[in-house]
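A quick write-up on the structure given underneath.
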Amino acid sequence: MRLATWNVNSIRQRERHVAKWLERVQPDVLFLQEIKCQTPDFPALNFEALGYRAVAVGQKSYNGVAVLARVPFEVTHTALPGLTGDVAEQARYIEIETGGVTLIGIYLPNGNSGGEAGYQGKLDFMTALRLRAEALLAEDRDFAILGDWNVAPTDEDYAKGALSPTDALVRPATRAAYREILWLGLTDAIRALHPTGPVYTFWDYQSAAWQRDSGLRIDHALLSPKLAERLTSAAPDRRERGEEQPSDHVPVVVELA
DNA sequence: ATGTCGGCCTTTGGCCGA
């Protein structure tokens, strides 16, 4: 099973990139983030012509997630269970079941806007996500959580100078919340296979970040224990960052035997 | 490394978010 996640930074700007990428990589399931369109405006029919059923959870202007799959699936949640407050109104979560496995796509709040209240929304999302993972573990479900986590888990996960030490992506409370989820017994697919060194998934549009390889590792796939045993590969597809008019994120692809 | 994007309204330029 080939799973993928990609923050596309507007599906209207990146539809051709996604279509070409699907044809080249042929994932079974692809989660998208930052589609930046309302649900009815998502170009689902164009992806269905390529053999991918598409379901979007959109909103005006910002955020928005979607799933594209060439395998049968059922959408089970379009919002993160248990989450309340302003952040709960935003399109950041989709959960599906396919082949007896639960797959979750997330666009975790960045946390740098809206002051401390905005940052608290990020932490609230992470708490609700941990509780969701705990519930799935208690049910003995096999599951994976893929997406733009907006967390650089360790200092190896961002290039020197690419972030302020006080950025919400690296604040101690952010990292602690990420570890609480990871340490439930989940496996960070990329770090399981590439334990050290830079494995960036994002390069800012500003300051020639791509040319300087000044990147971040903030897109992650976390696997439940039995899925982790099936892990055979996990890597960002850096090639996409060099395309014309790219997203600032590249796809992350995970293979399970 | 505050000369980048994308979306939207305040609408042909300025703002917010990333």
Side-chain angles (χ1 to χ4, degrees), chain A residues 5-21 31-43 46 56-66 85-93 105-126 146-153 155 157-171 173-175 177-178 198 200-220 236 238-252:
Chain A
T5 176
W6 194 2
N7 179 323
V8 291
N9 187 20
S10 168
I11 193 59
R12 285 177 289 209
Q13 299 303 318
R14 234 64 68 189
E15 181 183 341
R16 288 162 189 267
H17 299 69
V18 174
K20 265 180 61 182
W21 189 82
F31 288 101
L32 301 179
Q33 300 88 38
E34 281 203 271
I35 62 172
K36 289 185 171 177
C37 69
Q38 293 181 287
T39 303
D41 296 329
F42 188 82
N46 297 344
V57 179
Q59 67 176 90
K60 199 172 195 175
S61 304
Y62 302 124
N63 310 316
V65 295
D86 290 348
V87 70
E89 307 303 313
Q90 301 169 359
R92 295 181 176 276
Y93 188 91
I106 61 164
Y107 176 46
L108 209 147
N110 174 295
N112 283 306
S113 63
E116 279 308 296
Y119 182 64
Q120 186 59 47
K122 176 176 193 146
L123 297 181
D124 291 346
F125 190 103
M126 297 183 83
L146 302 92
D148 178 357
W149 286 68
N150 270 316
V151 177
D155 285 349
D157 295 315
Y158 72 100
K160 191 178 275 288
L163 285 176
S164 153
T166 61
D167 194 285
L169 277 59
V170 297
R171 277 172 68 162
T174 302
R175 287 175 163 178
Y178 179 82
Y200 302 140
T201 66
F202 166 97
W203 296 260
D204 201 291
Y205 290 123
Q206 299 188 64
S207 311
W210 169 243
Q211 287 74 11
R212 296 183 296 118
D213 196 24
S214 178
L216 317 176
R217 190 177 78 91
I218 55 177
D219 300 274
H220 310 301
R238 291 175 61 103
R239 172 171 157 177
E240 282 298 320
R241 192 63 178 77
E243 293 288 325
E244 290 295 314
Q245 297 177 303
S247 171
D248 40 7
H249 296 249
V250 296
V252 170

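Order of the sequence lines fixes the chain letters, A, B, ..., with proteins taken first and strands second; residue numbering starts at 1 for each chain. Please read all numbers here as calculations on a predicted model, not as lab measurements. The figures here come from the full heavy-atom set of this structure, side chains too, leaving out hydrogens, waters and symmetry mates.
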Query - P spacing across the pair B/dA1 / B/dG14, given as an integer number of angstrom - result: 27 Å
Report task. Round to a whole Å and report the spacing from CG of A/D248 to P of B/dG17. Result -> 17 Å
Requested in this report: Kindly indicate whether the side chain of A/Y107, heavy atoms from C-beta on, has any atom under 4.5 Å from the side chain of A/E34.
Outcome: yes
Report task. Tell me, yes or no, whether the heavy-atom count around A/D213 atom CG, taken from other residues, nucleotides or ligands under 6.0 Å, exceeds 12. Result -> yes
Query raised in the report: Distance only, no hydrogens: is a donor on one side chain within 3.5 Å (strictly under) of an acceptor on the other, for A/N110 and A/K122?
Result: no
**Report entry** Distance between C1' atoms of B/dC16 and B/dT11 (Å, rounded)
**Finding:** 15 Å
Requested in this report: Under 4.0 Å from any atom of DNA chain B, heavy atoms only: list the residues of residues 107-115 of chain A that qualify, in numerical order.
Outcome: A/Y107, A/N110, A/S113
Query - Side-chain H-bond candidate by donor/acceptor type, A/D124 with A/Q120, under 3.5 Å - result: yes
Report task. Return the value, rounded to whole Å, for the distance between atom CZ of A/F202 and atom P of B/dA18. Result -> 11 Å
Query raised in the report: On a whole-Å scale, what distance lies between the C1' atoms belonging to B/dA18 and B/dT12?
Result: 24 Å
Requested in this report: Rounded to whole angstrom, note down the C1' distance from B/dG3 over to B/dC9.
Outcome: 25 Å
Query raised in the report: Got A/L108 and A/Y178 here, is their nearest side-chain heavy-atom distance under 4.5 Å?
Result: no
Query raised in the report: What heavy-atom pair brings A/R175 and A/P153 nearest, and what distance separates the two atoms?
Result: NE-O, 3.2 Å
Query - Whole-Å distance separating the CG atom of A/L163 from the P atom of B/dA1 - result: 14 Å
Query raised in the report: Only one of A/D148, A/V170, A/N7, A/D157 clears side chain to side chain contact (heavy atoms under 4.5 Å, CB included) with A/I218; which?
Result: A/D148
Query raised in the report: Considering residues at least two apart in sequence or located in another chain, which fulfil the ring-ring contact (aromatic ring centres under 6.0 Å, His included) criterion with A/F42?
Result: A/F47
Query raised in the report: Quick one: A/W149 CH2 to B/dA18 P, roughly how many Å, whole number?
Result: 18 Å
Report task. Go through the side-chain N and O atoms of A/S214 and A/Y200 and say whether any donor and acceptor fall under 3.5 Å apart. Result -> no
Requested in this report: Can you check each nucleotide of nucleotides 4-9 of chain B against protein heavy atoms at under 4.0 Å and return B for base, S for sugar-phosphate only, - for none, in 5' to 3' order?
Outcome: BSSSSS
Query - Nearest-angstrom distance, C1' atom, B/dT10 to B/dC15 - result: 8 Å
